[in-house]
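First up is the structure itself, then whatever we jot down about it.
Labels below follow one simple rule: chain letters A, B, ... track the order of the sequence lines, proteins then strands, and each chain is numbered from 1.
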Number of protein chains: 2
Amino acid sequence: MNTSPEDYLKNIYIVKETVGKVTTSGLAEKMGITAPAVSDMISKLAKSGHIKNIPYKGFELTKKGEETAINLIRKHRLWEVFLVQELGYEWNKVHDEAEKLEHSSSDELITKLEEYLSFPEYDPHGHPIPDKQGKIIKQKVIPCTELEVGDIAEIREVSDASQEVLGYLTKVGLRLNVKFSVVEKINFDNSVQIEFENQKIFLSEKLAKNIYVRKSS
Amino acid sequence: MNTSPEDYLKNIYIVKETVGKVTTSGLAEKMGITAPAVSDMISKLAKSGHIKNIPYKGFELTKKGEETAINLIRKHRLWEVFLVQELGYEWNKVHDEAEKLEHSSSDELITKLEEYLSFPEYDPHGHPIPDKQGKIIKQKVIPCTELEVGDIAEIREVSDASQEVLGYLTKVGLRLNVKFSVVEKINFDNSVQIEFENQKIFLSEKLAKNIYVRKSS
DNA sequence: GAAAGAAATTAAGCATACTTAAACCTTAAT
DNA sequence: ATTAAGGTTTAAGTATGCTTAATTTCTTTC
């Protein structure tokens, strides 16, 4: 399954956002390809002015590269909204579908789709949708793992990459905007126990890392 | 711009429908590529069982190939309906957009889209939409060029390939379901003059060939 | 500050959908 | 029936996004 140059830019942007640092091997793992493939594409994208690259030292998106990345993210998220809101998809099934559609839709189509959907601000996983000019309003959120016992928090965002995580959240009743309190925290394995709607739930580290919240008190 | 194997199947199906006969060079021209490229892909598709091929003699779709072709056409036409009906596209702008989307949507997505659109029977150009089982109800239509003076006919289908043709039709007020009569026929250049809604219009051969009608008396 | 280990890059090669140029059938005309 | 013309296929080579293997560079450790 061949990836497009655009896809690299998008993933660089996202890894930078979520992990903080982008490396050749990190990107390779995220994209399910090998490091040399990444290295190769990085230098191509450097030539075309989308990336600033210093071999062996690191790379980052240029303004141009970031614009392309954000435009693709915009397409992805708007399609996700359409799939969930209009076609009735479950939130854990839309990622892959949107991944394909984003590459097959013109800017004009997306403009029309955005209007059709009444200019949604967030995608089904709580991620903000960049506007036509590439402006994106980032929420201030922290992963569940950073909460302390007694904290009360509200779910604002969930990572959309893993179907299993999303499926599990749905199963136990966790959705966006759910408010919960931290009952227990086990530093040993970084898991947390939370309470919401009169039930207690264990979140493993893997799960907790994918849930982003805003403390509400 | 690389074409997928599926696209060949679709184009074979369509050329067979509209022209009657499919040749290597004919397909190449339709697809905007060279004959060797077609020849090459034909033998690959023969190996995979989508096409029955006798070198130098001709080729045709197998049942399997036809199913794939029809499924792609189904996707194309449903997307066209969506673009026109929901997003407000003009009918002469949807072909290229649908051409891309059709390759990026799963069968499941199309099933949901079809329901969302309330199971439309025709696309914006009057082409029938195959159902999930690949069943397609072909209209009995004839090109305008086959009409005689005095005939009254109704527009049932227009070719969607040419933006210019569709744009022109819109400009002069011709749409699907418009009823008209043939005022004059010039056998010399195969053009016809028609009358509808109290105006007279000349249709060149090129135009007339792309308008399919049903005689109504 | 030298050596070992880790990470990144370069090299060589593969698959695929193309291209142009050459070779090959088929057919139609005399 | 032979040949010329035309369409079809094969051959050779290109671009692109990958792979594994080899090499280079960086970083960490002592």
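For A:I33 and D:dT16, the CD1 to P distance is 17 Å, given to the nearest whole Å. Taking atom NZ on A:K57 and atom C1' on D:dT27, their separation rounds to 10 Å, with Å as the unit. When the C1' atom of D:dC18 is taken as reference, atom CD of A:E29 falls 18 Å away, rounded to whole Å. What separates CE of A:M41 from P of D:dA15 is a distance of 15 Å, to the nearest Å. One interatomic measurement links the two molecules: OH of A:Y56 to P of D:dT25, which rounds to 6 Å at whole-angstrom precision. The distance from atom CG of A:D40 to atom P of D:dA21 is 17 Å, rounded to the nearest whole Å. Taking atom CD1 on B:I42 and atom P on D:dT10, their separation rounds to 12 Å, with Å as the unit. Rounding to whole angstrom units, CZ of residue B:F59 and C1' of D:dT9 are separated by 12 Å.
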Donor-acceptor pairs under 3.5 Å, side chain of residues 25-46 of chain B to any protein atom, not counting sequence neighbours: which ones?
from	atom 1	to	atom 2	distance (Å)
B:K30	NZ	B:N11	OD1	3.4
B:S43	OG	B:S39	O	3.3
B:S43	OG	B:D40	O	2.9

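Of the residues listed (A:N71, A:D7, A:I73), the one engaging A:E102 in a side chain to side chain contact (heavy atoms under 4.5 Å, CB included) is A:D7, and it is the only one. Screening A:V158, A:I194, A:L207 for a side chain to side chain contact (heavy atoms under 4.5 Å, CB included) involving A:L174 leaves a single residue, A:I194. B:V81 pairs with exactly one of B:I129, B:L113, B:V94 by the side chain to side chain contact (heavy atoms under 4.5 Å, CB included) rule, that one being B:I129.
The shortest distance between the side-chain N/O atoms of A:T3 and the OP1/OP2 oxygens of D:dC18 is below 4.0 Å. Taking 4.0 angstrom as the limit, A:Y8 places a side-chain polar atom (N or O) nearer than this to OP1 or OP2 of D:dC18. Contact check, B:S25 against D:dG7: no side-chain N or O comes under 4.0 Å of OP1 or OP2.
Side-chain atoms of B:K75 never come within 3.5 Å of backbone atoms of B:I110 as a donor-acceptor pair (strictly under, hydrogens ignored).
Heavy atoms of A:T34 sit under 4.0 angstrom from at least one base atom. Residue B:P36 is in base contact, counting any heavy-atom pair closer than 4.0 Å across all strands shown. Among the heavy atoms of the strands, none lies under 4.0 Å from A:S4. Contacts of A:S43 with the nucleic acid, taken as non-hydrogen atoms under 4.0 Å apart, are absent.
Interface limits on DNA chain C: the 5'-most and 3'-most nucleotides within less than 4.0 Å of chain A heavy atoms are C:dA8 to C:dT10.
Between A:F82 and B:W79, the ring planes are tilted. Angles from 30° to 60° get that label.
How far CD of A:Q139 is from CD1 of A:I136: 10.0 Å, rounded to the nearest 0.5 Å.
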